[in-house]
Amino acid sequence: VQLQASGGGLVQPGGSLRLSCAASKSIFSFNSMGWHRQAPGNERELVAVIRTGGSTNYGDSVKGRFTISRDIATNTMYLQMNSLKPEDTGVYYCRGSRGGHYWGQGTLVTVSS
């Protein structure tokens, strides 16, 4: 299984970005999919997760600003990020889990003026 993350870039504080994660097989092959991020010097942290049934959870720091979603027809997961803050800067990784974890290669998000 391959996961391909894309959509990162440089954005000003208060701006928006949408990340995509394209899976090489049906996203229903995973029990859950999620987005994680890692800032320089920090551990990787969970940003958002979506389960097979559609339920979602978010990290406390992104609640109300980020939205995780999926497109079953294209086997793609998304992360809509609004009201971005400098502390959202980091490498964002997508993950699919069933038994083990599968990781995408990461996409860099930089929030800076």
- Does a side chain donor of either Ser16 or Asn82 reach within less than 3.5 Å of an acceptor in the other side chain? yes
- Pairing of Lys63 and Asp60 as salt bridge, 4.0 angstrom limit: yes
- Message: Tell me whether the rings of Tyr92 and Phe66 are parallel (<30°), tilted (30 to 60°) or perpendicular (>60°).
- Response: tilted
- Roughly how far, to the nearest 0.5 Å, is CD of Glu87 from OG of Ser61? 8.5 Å
- Message: Let me confirm one number: the OG1-CZ distance from Thr52 to Phe28, rounded to the nearest 0.5 Å.
- Response: 7.0 Å
- Item | Stepwise side-chain contact (heavy atoms from CB on, under 4.5 Å) test for Asn57 and Arg51 | CA-CA 9 Å; Asn57 285 100; Arg51 298 175 185 83; 2.7 Å; yes
- Query: What distance do Gln4 atom CD and Gln2 atom CD have between them, rounded to the nearest 0.5 Å?
  - Reply: 8.0 Å
- Message: Before you tell me yes or no, could you show the steps for Asp88 and Arg65 under side-chain contact (heavy atoms from CB on, under 4.5 Å), namely the whole-Å CA-CA distance, both residues' side-chain angles and the distance that decides it to 0.1 Å?
- Response: CA-CA 11 Å; Asp88 294 318; Arg65 300 187 297 122; 2.8 Å; yes
- Message: As a quick check of understanding, evaluate side-chain contact (heavy atoms from CB on, under 4.5 Å) for Arg44 and Trp103, giving each step before the final call.
- Response: CA-CA 12 Å; Arg44 192 174 297 189; Trp103 293 92; 3.2 Å; yes
- Spell out, as yes or no, whether a donor-acceptor pair under 3.5 Å connects the side chain of Tyr93 to the backbone of Ala5. no
- Separation between CZ (Arg70) and CD1 (Ile27), nearest 0.5 Å, reads 5.5 Å
- Message: Please determine whether side-chain contact (heavy atoms from CB on, under 4.5 Å) holds for the pair Ser112 and Leu10, giving the CA-CA distance in whole Å, both sets of side-chain angles, and the decisive distance to 0.1 Å.
- Response: CA-CA 7 Å; Ser112 176; Leu10 173 64; 4.2 Å; yes
- Item | Inter-residue atom distance Phe30.CZ - Asn75.CG, 0.5 Å rounding | 9.0 Å
- Message: Once rounded to the nearest 0.5 Å, what's the spacing between atom CD1 of Ile68 and atom CE of Met77?
- Response: 5.0 Å
- Are Asn42 and Arg37 linked by a side-chain donor-acceptor pair shorter than 3.5 Å? no
